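First comes the structure, then the notes that go with it.
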Amino acid sequence: MQFASAVTRCETIQEATGHLVSSIRRQMRGEIDLLCVFLTPEHQENIRPLSRYLRLALSPRVLLGCTCEGIIGGDREIEREPGISVLAGRLPGATLNAFHIGMEEWESLLDQNSQGKLKRILGFQSLGRDTTQAYLVFADPFTTPATELLQTLEDICPGIPVLGGMVSGAQQAGQNLMLLNGAILEDGAIGVRIGGQVRVDAVVSQGCRPVGETFLVTKAEGCRIATLSGNRAFESSDRLLRSLPPDDWKKVETGLYMGVVVNEYQSQFGRGDFLVSPVHGYDRNTGEVLVDTEVRAGQTVQYHLRDASTAEEELRALMQTAARDETAPAGGMLFSDSGRGVRLFDMPGHDVRRVLEAVPETPLAGFFAQGEFGPIGGRNFLHQKSLSVVLFRPSSEAEPEVWPSG
């Protein structure tokens, strides 16, 4: 297994593609199974010749990519200026089934009665043992029901991580573009089902830490929490927040978050056990707390705070754990929320550098997303203000097989 990454700030498409191809070929020779490419809107008008040149020069079995508001490549994060990033991978023994689900297909596919058709699109084979390791998915936020898609993939293949993100940089439907082999697509979701002789590990850093006590949701409807541990939610929350030290109060002013426990079958809960989403406010007339995710009675919740120092501390800890694995990653991908980067940290390239501190010399590429896919507590979610890291490692299991498209 071998990976190579390259990034360019060249403004002309001729210079950019020439630089990317020569850089990849300096790092690796021979066949390329998976090629991912990410480009900022400044290069969007040249996406077709870019795709054609990369396919002719590198001959990948599967090419996957998208436009985005910022890119990640090597040890750099390029924001608010033109750039293109690529990651090339040779994955001997891996199965790669590329797919596209268009805007008009969702209604008919995201139904339990249509699982057979969806499995065919995803490239599942009717005979033999299923060896799915992960889904890599890039989706247009205007035309993709992301939550329903994640649930359907979970129903088809429980416990398999879905990684990637929502394409960013556009203001309306039709402005985002995605690449799938020779096609340029404007809607829906593209991806590749990865199976066979490969390990695909996920690290999801939500950049938050819990504060105060946990509460049991005793009454809620949709995204409105009415009572916590039997008391009006606003009153319970107000008492907790007033007890916070001054430093934490400053962080509350920049944003407050609610964490919902993913796996209730635990005696204790800590960082990494919660799906974290923003608190939008309070209804003082009803005493309800308004959150960004649906909550139901019986769930355990806890308030969380997010700031740069907390996000850095959590990412370091998670990557140190990932680096303890005896098998070093051959390559990786980063999907960082557009609210991170220089908007959160006081330095460019923060996240990619922290990842490389833990897994040095790992070829990396990725993009700034409008929401990130990744598992928490064994379940896949669409996150906000988070970083989703993909690490490819060799595995001795399964038989070799590569399928170029679904």
Side-chain angles (χ1 to χ4, degrees), residues 4-25 31-73 78-89 96-105 121 136-144 164-192 333 335 338 365-370 402-406:
S5 64
V7 62
T8 180
R9 280 192 170 101
C10 295
E11 293 187 3
T12 70
I13 199 66
Q14 293 83 4
E15 291 178 323
T17 50
H19 172 82
L20 293 170
V21 169
S22 62
S23 180
I24 292 296
R25 282 310 184 195
E31 290 188 349
I32 293 174
D33 293 315
L34 178 64
L35 182 68
C36 293
V37 56
F38 310 108
L39 58 152
T40 57
E42 292 85 353
H43 291 291
Q44 187 164 319
E45 63 181 18
N46 293 310
I47 191 171
R48 197 170 297 278
L50 169 68
S51 172
R52 182 169 57 249
Y53 185 86
L54 291 177
R55 285 185 290 116
L56 288 172
L58 299 175
S59 301
R61 300 196 186 188
V62 172
L63 183 146
L64 206 66
C66 63
T67 55
C68 48
E69 71 171 58
I71 62 166
I72 302 171
I78 298 178
E79 304 178 68
R80 303 173 185 175
E81 59 180 297
I84 306 174
S85 174
V86 298
L87 180 75
L96 301 176
N97 301 92
F99 60 87
H100 170 240
I101 304 175
M103 177 176 60
E104 297 180 355
E105 297 179 273
I121 291 175
L136 185 62
V137 178
F138 310 143
D140 174 57
F142 300 102
T143 58
T144 302
M166 305 299 283
V167 183
S168 60
Q171 302 300 316
Q172 62 185 27
Q175 293 181 345
N176 288 317
L177 297 179
M178 295 171 287
L179 300 86
L180 181 62
N181 296 326
I184 309 297
L185 304 161
E186 296 181 353
D187 65 85
I190 62 170
V192 58
M333 305 185 77
F335 305 101
S338 55
F367 69 93
F368 285 89
Q370 198 173 320
V402 174
W403 296 75
S405 62

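Just so it is clear, the model here is predicted, and its values are computed rather than measured.
Residues Phe142 and Asn176 come closest through the heavy atom pair CE1-ND2, 3.8 Å. The shortest non-hydrogen separation linking Ser5 to Ser23 is O-OG, 4.1 Å. When all heavy atoms are compared, the tightest approach of His100 to Asp187 is NE2-O, 2.9 Å. Here the shortest heavy-atom pairing between Pro60 and Leu35 reads CB-CB, 3.6 Å. In terms of heavy atoms, Val7 sits closest to His19 at O-NE2, 3.2 Å.
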Fill in: Candidate pair Phe138 and Phe367, rule ring-ring contact (aromatic ring centres under 6.0 Å, His included), full reasoning
CA-CA 10 Å; Phe138 310 143; Phe367 69 93; 5.7 Å; yes
Discussion item. Before you tell me yes or no, could you show the steps for Met166 and Phe335 under side-chain contact (heavy atoms from CB on, under 4.5 Å), namely the whole-Å CA-CA distance, both residues' side-chain angles and the distance that decides it to 0.1 Å?
Written reply: CA-CA 9 Å; Met166 305 299 283; Phe335 305 101; over 6 Å; no
Discussion item. Go through it in stages, so that I can follow the logic: the residues are Glu31 and Ser59, the test is side-chain contact (heavy atoms from CB on, under 4.5 Å), and I'd like the CA-CA distance, side-chain angles, deciding distance and then a yes or no.
Written reply: CA-CA 7 Å; Glu31 290 188 349; Ser59 301; over 6 Å; no
Item to complete: Test side-chain contact (heavy atoms from CB on, under 4.5 Å) on Leu179 and Leu39 and set out the steps.
Response: CA-CA 11 Å; Leu179 300 86; Leu39 58 152; 4.1 Å; yes
Discussion item. One pair to check against side-chain contact (heavy atoms from CB on, under 4.5 Å): Ser338 and Ser168. What are the steps and the verdict?
Written reply: CA-CA 8 Å; Ser338 55; Ser168 60; 5.5 Å; no
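Here Cys66 contributes atom SG and Asp140 contributes atom CG; the two are 10.0 Å apart, rounded to the nearest 0.5 Å. In this structure, CE on Met103 lies 6.0 Å from OG1 on Thr143, to the nearest 0.5 angstrom. Atom CG in Asn181 sits 8.5 Å away from atom OG in Ser51 (nearest 0.5 Å). Atom CG in Leu87 sits 12.0 Å away from atom CD1 in Ile72 (nearest 0.5 Å). Put simply, CD1 on Ile78 and SG on Cys68 are 10.0 Å apart, with the number rounded to the nearest 0.5 Å. Atom CG in Leu50 sits 10.0 Å away from atom CZ in Arg55 (nearest 0.5 Å).
With respect to the salt-bridge test (charged N to carboxylate O, under 4.0 angstrom), the residues Glu69 and Arg80 do not qualify.
Proximity of a side-chain donor or acceptor of Ser85 to a complementary backbone N or O of Ile71 within less than 3.5 Å is not detected. Glu105 contributes no side-chain N or O that, together with a main-chain N or O of Ile101, makes up a donor-acceptor pair within less than 3.5 Å.
Within the structure, every pair that satisfies the side-chain hydrogen bond (donor to acceptor under 3.5 Å, both in side chains) test and touches residues 35-44, not counting sequence neighbours, is listed here: Thr40-Glu42.
Ile32 places a side-chain heavy atom less than 4.5 Å from the side chain of Arg25. Between Met333 and Cys36, some side-chain heavy-atom pair lies under the 4.5 Å cut-off.
Environment of CD in Glu81: crowded, with over 12 heavy atoms of neighbouring residues, nucleotides or ligands closer than 6.0 Å.
Among Ile13, Ile84, Thr67, Val37, the one residue that satisfies the side-chain contact (heavy atoms from CB on, under 4.5 Å) test with Ile47 is Thr67. When each of Leu180, Leu64, Leu63 is tested with Val192 by the rule side-chain contact (heavy atoms from CB on, under 4.5 Å), just one qualifies, namely Leu64.
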